[in-house]
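First comes the structure, then the notes that go with it.
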2 protein chains.
Amino acid sequence: MAMATPSRRLARTDWARAALAAIADSGLAGVAVEPLARRLGTTKGSFYWHFTNREALIEAALDLWEQEHTEAVIVRVDREPDPLQRLRLLLTTAIMLAQEDVIDAAVLASGNHPLVAPVLTRVTERRVGYLAGLFRRLGFSPAQARDRGLLAYTAYLGHTQLIQAGLSIAPAHGAGLRRYVDRLLGITTAPE
Amino acid sequence: MAMATPSRRLARTDWARAALAAIADSGLAGVAVEPLARRLGTTKGSFYWHFTNREALIEAALDLWEQEHTEAVIVRVDREPDPLQRLRLLLTTAIMLAQEDVIDAAVLASGNHPLVAPVLTRVTERRVGYLAGLFRRLGFSPAQARDRGLLAYTAYLGHTQLIQAGLSIAPAHGAGLRRYVDRLLGITTAPE
DNA sequence: GTACCTCCGTACGGTGCCGTATGGTCGAGA
DNA sequence: TCTCGACCATACGGCACCGTACGGAGGTAC
């Protein structure tokens, strides 16, 4: 927790990452300058050098999230050539990531906040769009593919919610997760 | 907004309902004694007569939510005898309710808060249990019924998220919603 | 009408955070 | 070594909220 200080001086990105971590475990309200400064072993003097105010920090943190938490998974999954296998890989890794890092759920939780809403909209449309593209490659019509992509994404979102809420009834790993993903796949790829 | 004052004196329940409304549009952080007092046209003097502190108010509000926002829907739906029709009715009304009243999503958003977590766990298990019961009555085995209830519930949760986030891609009413529910039903009730 | 009980108004101290002001430190380069 | 600019520490004022103390208003009972 008390992060080591390899280089004494901090950069803008360090603050943004710390803010993202704060969102993950306390929500947007957790992004407070003075507590973050304590956590980083520095003071507000540093913060107000790099940022004009708290709002700018939140924006930077959300930018980071948008860039890293969607494209990273897509790139990582895109190397699998078979679309069905890729879909399975995507769902599995997404669910496992959502379990070990709750930042996704935390951002969603503040989805109605004016700073979060536009970012969240972009990310959601990117993700649903990517899913729909996979279903297209499985042979579904554009409308069908979009519907199924949407359904798969809502199932993912809801599952993430359950995990983050600490519900033991949601399978989060191992055989339970594999069976869950299999069922989700079988269900969403079945012909109408 | 400036609510009329039919009876000058307030009761504990008035505060709890106001707190629930505050959660709905500002999250847990929106439950602040002095702003609520202003909103109710009274002062802190009233509040600290009825409650020992802010925490007690949050608990009362969550109690209210637990009692009214789950059982009410179940009771209302339970009069439909046919299980498949009841499932359809349940999903449709739940999604429509989630759209006109965001309290459900707001509570979920604070699911990791120590005061919210236990309530949320109970509510989730009650809902998934009820759904599983419906799938049982449709002829599925206990394990199958639970899995399908879980899937239906995660889809509902995710869909709620999307609506609350203001995503236009999520069908929220009319033909789009009917088609969405039909697909969800067809999918979750299909034999394996 | 007076004693009492329920409920509320008001004033106060305390805390945690935001943002500003200003001086200090430290390394890079002339 | 001196200077300069990037970066940070510290102190301060202000605000919003929590919780307490206490003095009432208004109804009820007799």
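Protein chains get the first letters and strands the later ones, always in sequence-line order, with residue 1 at the start of each.
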Nearest-Å distance for atom pair CG/P, residues B:D14 and C:dC8
9 Å
Step-by-step side-chain contact (heavy atoms from CB on, under 4.5 Å) determination, B:F47 to B:L57:
CA-CA 9 Å; B:F47 175 78; B:L57 173 61; 3.6 Å; yes
Backbone N/O of A:V107 and side chain of A:S110: donor-acceptor pair under 3.5 Å:
no
So, does A:T42 get its side chain near the phosphate of D:dA9, meaning an N or O under 4.0 Å from OP1 or OP2?
yes
Spacing between B:H50 atom NE2 and C:dT6 atom C1', to the nearest angstrom:
9 Å
Can A:V102 be reached from A:V73 by stepping across I, L, V, M, F, W or Y side chains whose heavy atoms are under 4.5 Å apart?
no
Apply the test side-chain contact (heavy atoms from CB on, under 4.5 Å) to residues A:T189 and A:L87: give CA-CA distance (whole Å), side-chain angles for both, the deciding distance (0.1 Å), then the verdict.
CA-CA 10 Å; A:T189 60; A:L87 191 53; 4.3 Å; yes
Separation of C:dC17 atom P from A:L36 atom CG, nearest Å, is 10 Å
Listed in order of residue number, which residues of residues 20-33 of chain B have a non-hydrogen atom at under 4.0 Å from DNA chain C?
none
Please list each protein N or O that sits under 3.5 Å from an N or O in nucleotides 10-16 of chain D, with the distance.
none

Given D:dC8, C:dC7, C:dG9, identify the nucleotide with an atom nearest to the side chain of A:L10.
D:dC8
Please confirm whether the backbone N or O of B:V128 pairs with a side-chain atom of B:R146, one donor and one acceptor, at under 3.5 Å?
no
Rounded interatomic separation in angstrom, taking CD1 from A:I58 and C1' from C:dC18:
12 Å
A:L151 vs A:T154, side-chain contact (heavy atoms from CB on, under 4.5 Å): CA-CA, chis, key distance, verdict
CA-CA 5 Å; A:L151 180 59; A:T154 55; 4.0 Å; yes
Using whole Å, report how far CG of A:L40 lies from C1' of D:dC8.
13 Å
Connected via hydrophobic side-chain network under 4.5 Å: A:W49 and A:W15
no
I'd like to know if B:E66 pairs up with B:R126 as an ion pair, taking the criterion as any Lys NZ or Arg NE/NH1/NH2 lying under 4.0 Å from an Asp or Glu carboxylate oxygen.
no
How close or far is atom P of D:dC17 from atom CG of B:L57, stated in whole angstroms?
14 Å
How does protein reach along nucleotides 23-28 of chain D, written 5' to 3' as B (base within reach of a heavy atom under 4.0 Å), S (only sugar-phosphate), or - (no contact)?
------
B:E80/B:R88 salt bridge by N-O under 4.0 Å criterion
no
A:R12 atom CZ is separated from D:dC8 atom C1', nearest whole Å, by 17 Å
Quick one: B:W49 CH2 to C:dC5 P, roughly how many Å, whole number?
11 Å
Hey, is the main chain of A:I103 close enough, under 3.5 Å, to the side chain of A:H69 for a donor-acceptor pair?
no
side-chain contact (heavy atoms from CB on, under 4.5 Å) between A:Y156 and A:L131, intermediate numbers included
CA-CA 11 Å; A:Y156 157 75; A:L131 277 168; over 6 Å; no
